[in-house]
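Each chain gets a letter, A, B and so on, in the order the sequences are listed, and its residues count up from 1.
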There are 2 protein chains.
Amino acid sequence: MAPTIKDIANEAGVSISTVSLVLNQKGYVAPQTRSRIESVIQKLNYRPLHSARKLATQQTGNFGFIIWEGHFSEVELFYSQIFLGMEYAARHNDYYILLTTVREEFDPKTDLPRFLRYRDVDGVALAGRVPGALIDYLDNQHVPFVLVDYEVPGKNFNCIKIDNYNGAFQAVETLIKTGRKHIAFVGGSFFHPSVKERYRGYTEALDKHGLKHNRSEDYSYCENIETSRLIGEKGAMRLLENHPEIDAVFCCNDTTALGVISAVQRLKKRIPEDVAIFGFDDIPTAEFSSPKLSTIRVPKLEIGKEAYKLLYELIQNPRMAPQTRMIAVETILREST
Amino acid sequence: MAPTIKDIANEAGVSISTVSLVLNQKGYVAPQTRSRIESVIQKLNYRPLHSARKLATQQTGNFGFIIWEGHFSEVELFYSQIFLGMEYAARHNDYYILLTTVREEFDPKTDLPRFLRYRDVDGVALAGRVPGALIDYLDNQHVPFVLVDYEVPGKNFNCIKIDNYNGAFQAVETLIKTGRKHIAFVGGSFFHPSVKERYRGYTEALDKHGLKHNRSEDYSYCENIETSRLIGEKGAMRLLENHPEIDAVFCCNDTTALGVISAVQRLKKRIPEDVAIFGFDDIPTAEFSSPKLSTIRVPKLEIGKEAYKLLYELIQNPRMAPQTRMIAVETILREST
DNA sequence: AAAATATATTAAAACGGTTCGATAATTCAA
DNA sequence: TTGAATTATCGAACCGTTTTAATATATTTT
């Protein structure tokens, strides 16, 4: 059997209280006692039992990570990477991250994730767009939570945001600086605040450089269909057929951009000579597409790490005022521009 | 505060033992007592506290899910889907799945996942190829584990296998039946038993139909480089340049096939008229590539579910003899053949 | 030198469940 | 009718920690 705190206490000739104190670095323990206990711990390879510790401290030691079922599969590895970032951060700490998905038609009565029903988490990270009913539930039940890459307009929740506006602005400005005059926008639905922000970055970059004529609705294509890739293909087809003068496309994410690439290639136009293409996210595939995709790198691991940190601080200090943390992005130039 | 078992007992006018009995459906409880207790539980929305229960039963209530760091990112959503399958199965039960990755250069001394170091799991699922040192560790420490989509030659471990041989055989036979005479093979390293099996299915299908001349080494390309996609591109390039007569390529997985597709398109050959392409796995992207990819569907969710079930049985009956469960695959015909 | 403070250790009471064994009431078999 | 078996309930021990408050000793301050 695995040794318990009692075994350590006996072996070291002290009470279990003292062992607990060195375990948690609390109170006063004489230096030589401490080191004696520590060496016994080493020797017996002792680890405190999670459930016992959690029972005593009245914490669960878990954070939840919730994502739309569709997102987890569709948006490639974007959210998986954010999850990994959280998991990495949690490794240096005493928390486990429980990943689960919720269905598109979410009803808190029946679809509440198990770890919420059983109160098995101390807090929750919500990745990407997430059912409003879920957010309301967490808010009402006072479960600490942070929104990751999402926000609720008009509400002041804890969130980790990506600097979508500046990323888009930089991307489009880069396109303009390389001489592109007719820059189109292709993306998903404006339901997602990130898309909105990226679109805003796009338009304001155009404005700054006096390319207002790009801003007609004709130059942008937004639709909410099954997959981002399909949006890219359909969008590129329609825009390029109606407007052969288009010489660059800024895409609202990389998956969409991959769709655009394949459509442009089918139309026998050269990339980047005839049409330059810019993505957003820097998913792993972006580096291996042909041509390799220029994009705005979103540091996904760092986002996860930041989400973890915020959640952790929230647990330590439950009355902390909600805050927003903005994660900077980086321009990555490859072959598609 | 959340109600405890004591609150339920008081409210129902019984002892906590009795409440515990109905909670766990054990022993004898009079029908009317049971229903009285149940309605109190309903009314107060009581849930037993995980850590308390786990402390008492001496179980952790967790299973681990371990995967190479690279795999989780590279092989698209294959393993994420298997994870999801496990998570779905666990939902109807009392287990949580803790997902973590291990580095390529794994050393049990320093890189042991936290939940193993702290003995926080009752069992572990290992997805795909996984460090031998990790398997040895689990075996020595008698941690129940199952290999998913992997096996160790010569060792009799619990595992969930995909029917790679028959899948490959079917795929190649399908190609042959549509008149293809020169069928190439492109894939990753033979380090992975699945690749070996798929190659065996490939060769035996050729043999059965008297296409032995395909079997020269010239018709297959295997390399272990960064990404499967790149393997596909390089492989297709080399094979098609040296052997213009090749009229079909069987790929060891879908990601590789996507690489092959883009190489073939770059060589200005038509798919499937000039070259038919067959994948393996049926990753989500397969349905949205152009042309859409014909492939062998591997039921990833089901694999996860089966892994969970096997692990669960293993916990119930620790002295169960190691067993292998084979998951059947399905041919999916789309546009690339 | 006495009082106050800091250091060191521990016994015992939680934390919220499960389970063993005792006890009592009821049903069954001989 | 009696003894055994079954049904029903509960007290108490236990699971492995943390934490509070008490006690003892050493050190500092007045």
Point to revise | Side-chain N or O of A:Tyr46 closer than 4.0 Å to phosphate OP1/OP2 of D:dT17 | key: yes
Check your understanding: Would you call A:Lys155-A:Asp136 a salt bridge at under 4.0 Å N-O?
Key -> no
Study note, to complete from the structure: Judged by nearest nucleotide, the residue sitting upstream toward the 5' end of DNA chain C, A:Pro31 or A:Ile16, is A:Pro31
Point to revise | Distance, rounded to the nearest Å, where B:Arg34 contributes CZ and D:dA8 contributes P | key: 9 Å
Review point. Taking 4.0 angstrom as the limit, do B:Asp111 and B:Arg117 come out as a salt bridge?
Key: no
Exercise for review: Could you tell me whether B:Ser51 contacts a base, only the sugar-phosphate backbone, or nothing, with contacts defined as non-hydrogen atoms closer than 4.0 Å?
Suggested key: nothing
Point to revise | Phosphate OP1/OP2 of D:dC10: any B:Thr18 side-chain N/O under 4.0 Å | key: yes
Check your understanding: Considering heavy-atom distances to DNA chain D, does B:Thr33 or A:Leu21 have its closest nucleotide positioned more toward the 5' end?
Key -> B:Thr33
Review point. Are the charged groups of B:Lys309 and B:Glu313 less than 4.0 angstrom apart, N to O?
Key: no
Check your understanding: Between D:dT19 atom P and A:Tyr28 atom OH, what is the distance in whole Å?
Key -> 17 Å
Practice item. Rounded to the nearest angstrom, tell me the gap between atom CZ in B:Arg47 and atom P in C:dC15. Key: 22 Å
Review point. Tell me: CD1 of A:Ile41 to C1' of D:dG16, nearest whole Å?
Key: 14 Å
**Study point:** Test log, rule side-chain hydrogen bond (donor to acceptor under 3.5 Å, both in side chains), inputs B:Gln323 and B:Arg325
**Key:** CA-CA 7 Å; B:Gln323 55 178 268; B:Arg325 298 195 182 162; 2.7 Å; yes
Check your understanding: Picking from D:dT9, D:dT18, D:dC15, which would you name as closest to the side chain of B:Ala30?
Key -> D:dT9
Practice item. Give the nucleotide from the list C:dG16, C:dT9, D:dT18 with an atom nearest to the side chain of A:Ser20. Key: D:dT18
Point to revise | Gap between atoms CG and C1', on A:Asp120 and C:dG16 respectively (whole Å) | key: 13 Å
Check your understanding: Is B:Gln58 near enough to C:dT19 that one of its side-chain N or O atoms lies under 4.0 angstrom from OP1 or OP2?
Key -> no
Review point. NZ of A:Lys6 versus P of C:dT10: gap in Å, rounded?
Key: 15 Å
Practice item. Quickly work out the B:Asn24 CG to C:dG16 P distance and round it to whole Å. Key: 17 Å
Exercise for review: Measure from the side-chain N and O atoms of A:His142 to the backbone N and O of A:Asn140, and report whether any donor-acceptor pair falls under 3.5 Å.
Suggested key: yes
Review point. Between C:dG17, C:dT9, D:dT17, which one does the side chain of B:Ile5 approach most closely?
Key: C:dG17
Practice item. Identify which nucleotide among D:dT17, D:dT9, C:dT19 has an atom closest to any side-chain atom of A:Thr4, counting heavy atoms from C-beta outward. Key: D:dT17
Review point. B:Tyr96 vs A:Phe115 aromatic rings, parallel, tilted or perpendicular, using cut-offs 30° and 60°?
Key: tilted
Review point. Donor-acceptor pair under 3.5 Å: do we get one between B:Ser17's side chain and the base of D:dG11?
Key: yes
Check your understanding: On DNA chain D, nearest-nucleotide positions of B:Ala56 versus B:Gly27: which is more 5'?
Key -> B:Gly27
Check your understanding: Could you state the CZ-C1' distance from B:Arg53 to C:dC15, rounded to the nearest angstrom?
Key -> 16 Å
Exercise for review: Ignoring the backbone of A:Leu55, work out which of D:dG11, C:dG16, C:dA8 is nearest its side chain.
Suggested key: C:dG16
Point to revise | Proximity to the side chain of A:Lys26 - top-ranked nucleotide from D:dT9, D:dT19, D:dC15 | key: D:dT19
Check your understanding: Which of these nucleotides, C:dG16, D:dT17, D:dT9, is closest to any side-chain atom of A:Pro48?
Key -> D:dT17
